[in-house]
Structures are given as structure tokens and as C-alpha cells.
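Report on the structure given below.
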Amino acid sequence: MKTLMLNGSPRADHGNTQLFIDHFQSGLTTPLPVRYLLRENPTTLALAMKEYDTILLVMPLYIHAMPGLVMKLFEELKPQSSHHQKIGFIVQAGFIESATARYLENYLSALAHRLNYTYLGTVIKGDAAACSILPHFFFGRLFKQLKALGVAYEKTGSFDPLLVKKLGNPVYLSKFQVRLLESRLVSRLNQVGWNWILKRNGCFENRYDRPFL
Ligand SMILES: Cc1cc2nc3c(=O)[nH]c(=O)nc-3n(C[C@H](O)[C@H](O)[C@H](O)COP(=O)(O)O)c2cc1C
């Protein structure tokens, strides 16, 4: 089984998508080749994809959808004449509820079927924005689950449904969790983190800018 992993993040190997790929790969005995949409011509990459049995595309959720780089690649894909190739997706996002990626999941599933790929499914993981910012021990459980996903993939050539379910939790937050997040203490703590990032990037003073108004 020849699999190609694609990194669909505009941050390429510096972002959270790369961490997802690294931890998935840590569960494999033989590492899979990885190509970066940021660094490739979409037409050439679409041609190169034909050399593989399976494509695993890992991407961040941007504005409830896919990054533009991923869209550009999709526009280059042509329907296959038979169901010989498989495709699966891993979408990681900032918001906690995996329901925020359901629209994209529906699109990915429809696209796979229209292009005659066998659809392996979409793994969705929310609450991943800080993966590459906070110390890694905060994400120990997530990284273990991604490794297990890799182990299972190497054995079966598919995503383990139980792990997909675990990673997708919570689909929605409970009312209690929403109240907790809305509390002053939690939103203040959250603000401290984001303000630190804004300052580090030299744009703290411009945080209320509205350039499109
Ligand atoms: C421009 C932009 C738009 C985003 N939109 C969403 C969104 O709609 N929903 C969400 O849950 N997270 C959103 N996020 C958060 C990213 O999905 C999250 O930080 C992800 O881990 C980034 O992965 P990367 O480091 O590989 O780019 C957005 C981030 C950026 C930069």
C-alpha cells in the first residue's frame, strides 16, 4: 500500500498540521512521504498524486472551510475512471467543538465520491490551536491518540472508528462548559495568552483594527 501524506497548511512544517503529521507518523514502522501544498505547483502535485494508492490530506480549518491552498489543489483533480485510489482527511481546528468542521467534512466526502476515490473518512480534532505554542505535555493525550491512529492505519489502511470518535469529542459543548468558558476568569486567562501572541508578533496595538470597513 503506497500512501502519500499531504500537508495543506499555509504554515507548512511550522504549524499545528505538521505536529499532527509527526505524531501520526510516530505510530508507523516505515515513515510515509509528506508533500507540502505551500511549496508545490498544484497541477504538478495533482499529477504526482496519481502514483499512490492512498492520499491522506491533513489540513487546518480556516474560516469554517479549507485553506485556499487546498482548494487550489482540488481544482486540479480530475475524476478517476475506476475506484482504485483512496483518500482520507485529517482536519484540525482551533474551536473546541468538532461540529464546526462538519460543513467541510460534508464537502470532502462529496468531493471524494464525485472524483471516484474510495473515501476513508475525515478525522476532526478541535481545540488544537495551541499545539505548537504550549509545552507539549499539555497535548500528551492528543499525541498518543494520533500515534495510535498511525499504528491502526498501518495495520488496516483505514482510520480506526473508535479513535475517530474520541478525537472528534466534544461535538458540542454542554451548557455548563459554555458558561464556564464565558466566565470572566476563563476569558481573562484566554486573553492573556492571545495578548502575548499579539505582542510577540508586533501587532498588539492594532488588535481592534477593522481594515475592511
Ligand atoms: C485565518 C485563520 C482562520 C481560522 N479559522 C478557524 C475556524 O473557522 N474555526 C476554527 O475552529 N479554527 C480556525 N482557525 C484556527 C486554526 O484552525 C488552528 O489554529 C490550526 O491549528 C492552525 O493550523 P496550522 O498551524 O497548521 O495553520 C483559524 C486560523 C487562522 C489563521
Across all chains, not counting sequence neighbours, the side-chain hydrogen bond (donor to acceptor under 3.5 Å, both in side chains) partners of R179 are none

[X] side chain near [Y] side chain, heavy-atom distance below 4.5 Å:
{"X": "L45", "Y": "E76", "value": "no"}
{"X": "P60", "Y": "P67", "value": "yes"}
{"X": "L57", "Y": "L108", "value": "no"}
{"X": "M71", "Y": "E75", "value": "yes"}

Taking atom [atom1] of [X] and atom [atom2] of [Y], what is their separation to the nearest 0.5 Å?
{"X": "I55", "Y": "K86", "atom1": "CD1", "atom2": "NZ", "result": "12.0 Å"}
{"X": "K165", "Y": "L163", "atom1": "NZ", "atom2": "CG", "result": "12.5 Å"}
{"X": "L32", "Y": "L4", "atom1": "CG", "atom2": "CG", "result": "8.5 Å"}
{"X": "I21", "Y": "L6", "atom1": "CD1", "atom2": "CG", "result": "8.0 Å"}
{"X": "N7", "Y": "L69", "atom1": "CG", "atom2": "CG", "result": "9.5 Å"}
{"X": "L47", "Y": "T43", "atom1": "CG", "atom2": "OG1", "result": "7.5 Å"}

Is there a path from [X] to [Y] through hydrophobic residues (I, L, V, M, F, W, Y) whose side chains come within less than 4.5 Å of each other?
{"X": "Y62", "Y": "M66", "answer": "no"}
{"X": "Y107", "Y": "L37", "answer": "yes"}
{"X": "L28", "Y": "F159", "answer": "yes"}

Quick one: ring-ring contact (aromatic ring centres under 6.0 Å, His included) partners of Y153, sequence neighbours excluded?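 For Y153 the ring-ring contact (aromatic ring centres under 6.0 Å, His included) partners, ignoring immediate neighbours, are F24.
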
Where D160 and A152 come nearest, the two heavy atoms and their spacing: CB-CB, 3.9 Å

Please give me the minimum heavy-atom distance between I87 and A112, naming the atom from each residue.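 That would be CG2-CB, 3.7 Å.
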
Check residues 202-213 and write down every donor-acceptor pair under 3.5 Å in which the side-chain atom is one partner and the other belongs to a residue at least two apart or another chain.
unit_1	atom_1	unit_2	atom_2	d
N206	ND2	D209	OD2	3.4
R207	NH1	F204	O	2.9

K2 NZ: over 12 foreign heavy atoms closer than 6.0 Å: yes

Identify whether the distance between the nearest side-chain nitrogen and carboxylate oxygen of D13 and R39 falls below 4.0 Å.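 Result for this pair is yes, salt bridge flagged.
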
Salt bridge check, E105 against R102: does any charged N sit closer than 4.0 Å to a carboxylate O?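 Yes, R102 and E105 are salt-bridged.
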
Identify each donor-acceptor pair in which a side-chain atom of residues 122-151 lies under 3.5 Å from a protein atom, sequence neighbours left out, and give them as a table.
unit_1	atom_1	unit_2	atom_2	d
T122	OG1	Y119	OH	2.6
S132	OG	N16	OD1	2.6

So L77 and M49, side-chain contact (heavy atoms from CB on, under 4.5 Å) or not? Walk me through it. CA-CA 9 Å; L77 300 178; M49 284 165 64; 3.7 Å; yes

Only distances under 3.5 Å count here; give the side-chain donor-acceptor pairs of residues 88-101 to other protein atoms, sequence neighbours excluded, each with its distance to 0.1 Å.
unit_1	atom_1	unit_2	atom_2	d
Q92	NE2	T17	OG1	2.8
E97	OE2	L173	N	2.7
S98	OG	G168	O	2.6
T100	OG1	E97	O	2.9

Sequence neighbours excluded, every pair satisfying side-chain hydrogen bond (donor to acceptor under 3.5 Å, both in side chains) that has a member inside residues 25-36: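 Output for this query lists Q18-Y36, T29-E154, R35-E40.
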
